[in-house]
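First up is the structure itself, then whatever we jot down about it.
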Amino acid sequence: MPKLIVSIDGVVIKEVTLAKDRTTLGRRPYNDIVVDNLAISGEHAVLHMIGGDVYLEDLNSTNGTYVNGRPIKKQALEQNDVIEVGKYKVRYVAGSGAADASVATRAVVPPAPSGPIPLSSAPTVQAPLGGGTAGVAVIRVLSGSGAGRELSLQKVVTTIGKPGVAVAAVTRRLHGYVVAPIDGGTALNGEPLGSEAVALQDGDVLELGGTRMQFVVS
């Protein structure tokens, strides 16, 4: 299982195993991870575990949440990413069972543009793909203002949708692609997605906030 190693001034003060779908971090005693320091908001951040992936979300904290020195609002975590809250540093360890730890790279999601398809700025990874997918796939927009646009899924994690309405993450793995909802509702071929990541097949249709998109293997 993935875990967090919490330290301050280089001294490890606790280790936390992520065993729940939703793990909260903050100063208040009801959080799953309690950091009793005035620099930490009462409800500072939350970690979402979806399948083998972990996403960190800042809960509009006063002093912000940083990953590898950069402020974030919502981001997929990768092996050895360092989360900074106040003076505390929290190292993310994916664990031996986490998917694709051997090819993971840091995926940073900057503030999203206003268009219908915001995407992450994670570095491209030329991971070998197995029998499930023959090559790099694309997301083709079928409706809305971006109809006809294609988005190449070369990165480890690509976010699609519109913040505040519906956002999902498409993750590139060794043997293909999976999709998981992050915020709001996402439908796959007309059926709502649950909390677990689902494998994508050529021709699958996603719908987020009224915008229809098709997964196409190029």
Side-chain angles (χ1 to χ4, degrees), residues 1-8 10-28 30-37 40-41 43-59 61 64-109 120-123 125 127 130 153 155-159 167-183 186 193-200:
M1 285 186 178
K3 66 179 180 179
L4 302 176
I5 301 174
V6 185
S7 64
I8 184 169
V11 179
V12 175
I13 58 175
K14 67 174 71 175
E15 291 188 9
V16 180
T17 299
L18 298 178
K20 298 165 52 177
D21 291 340
R22 188 176 188 273
T23 302
T24 59
L25 181 153
R27 195 176 71 251
R28 302 298 183 191
Y30 51 75
N31 286 284
D32 298 302
I33 304 172
V34 179
V35 183
D36 189 13
N37 185 279
I40 311 300
S41 296
E43 297 175 356
H44 196 99
V46 61
L47 295 110
H48 304 277
M49 188 159 61
I50 304 174
D53 303 309
V54 175
Y55 300 86
L56 173 66
E57 178 184 1
D58 181 79
L59 297 177
S61 62
T65 300
Y66 294 76
V67 175
N68 300 323
R70 300 183 64 176
I72 64 99
K73 287 297 182 183
K74 190 175 293 181
Q75 175 176 323
L77 293 177
E78 300 294 345
Q79 176 78 352
N80 290 325
D81 273 352
V82 176
I83 305 162
E84 297 176 61
V85 286
K87 294 183 178 180
Y88 291 81
K89 292 188 177 181
V90 184
R91 185 163 64 91
Y92 172 71
V93 180
S96 59
D100 299 340
S102 61
V103 297
T105 68
R106 182 159 54 92
V108 178
V109 180
S120 72
S121 62
V125 171
L153 300 173
K155 299 174 177 64
V156 175
V157 179
T158 302
T159 55
V167 179
V170 179
T171 302
R172 187 179 189 206
R173 294 184 172 174
L174 286 174
H175 301 291
Y177 294 81
V178 297
V179 62
I182 295 178
D183 186 23
T186 301
L193 279 181
S195 60
E196 296 294 326
V198 176
L200 286 169

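- Between Arg91 atom CZ and Glu15 atom CD the span is 8.5 Å, to the nearest 0.5 Å.
- Here the straight-line distance linking atom CD of Glu57 with atom CG of Leu47 works out to 10.0 Å at 0.5 Å rounding.
- Ala76 and Asp81 make their closest contact through O-OD2, 4.2 Å (heavy atoms, listed as atom of the first residue, atom of the second, distance).
- From Thr171, atom OG1 reaches atom CD1 of Ile50 across 9.0 Å, with rounding to the nearest 0.5 Å.
- Across all their heavy atoms, Ala19 and Met49 have their closest contact at C-CE, 3.9 Å.
- Distance check: Lys87 NZ to Ile8 CD1 gives 7.0 Å after rounding to the nearest 0.5 Å.
- Closest of all the heavy-atom pairs between Gln75 and Val67 is NE2-CG1, 3.4 Å.
- A donor-acceptor contact shorter than 3.5 Å links the side chain of Thr24 to the backbone of Asp32.
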Where do His44 and Asp58 land on the side chain to side chain contact (heavy atoms under 4.5 Å, CB included) test, with the steps shown first?
CA-CA 6 Å; His44 196 99; Asp58 181 79; 4.2 Å; yes

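- Between Tyr66 and Pro71, the shortest heavy-atom contact is CD2-N, 3.4 Å.
- The minimum heavy-atom distance between Ala168 and Val179, with the atom names listed, is CB-CG2, 4.1 Å.
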Residues Arg172, Leu153; criterion side chain to side chain contact (heavy atoms under 4.5 Å, CB included); working and verdict
CA-CA 7 Å; Arg172 187 179 189 206; Leu153 300 173; over 6 Å; no

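- Within the 3.5 Å criterion, the main-chain N or O of Gly26 finds no donor-acceptor partner in the side chain of Glu43.
- Lys14 places a side-chain N or O within donor-acceptor distance of the main-chain N or O of Val34, the cut-off being under 3.5 Å.
- For the residue pair Ala94 and Gln79, the shortest heavy atom distance occurs at N-OE1, 2.6 Å.
- A donor atom on one side chain and an acceptor atom on the other are not found under 3.5 Å apart for Arg27 and Asn37.
- Note that OG1 of Thr65 is 8.0 Å distant from CG of Leu25, once rounded to the nearest 0.5 Å.
- A distance of 8.0 Å separates CG in Leu77 from CG in Leu4, rounded to the nearest 0.5 Å.
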In sequence, state the C-alpha distance, the side-chain angles, and the governing distance for Leu18 and Met1, and then conclude on side chain to side chain contact (heavy atoms under 4.5 Å, CB included).
CA-CA 7 Å; Leu18 298 178; Met1 285 186 178; over 6 Å; no

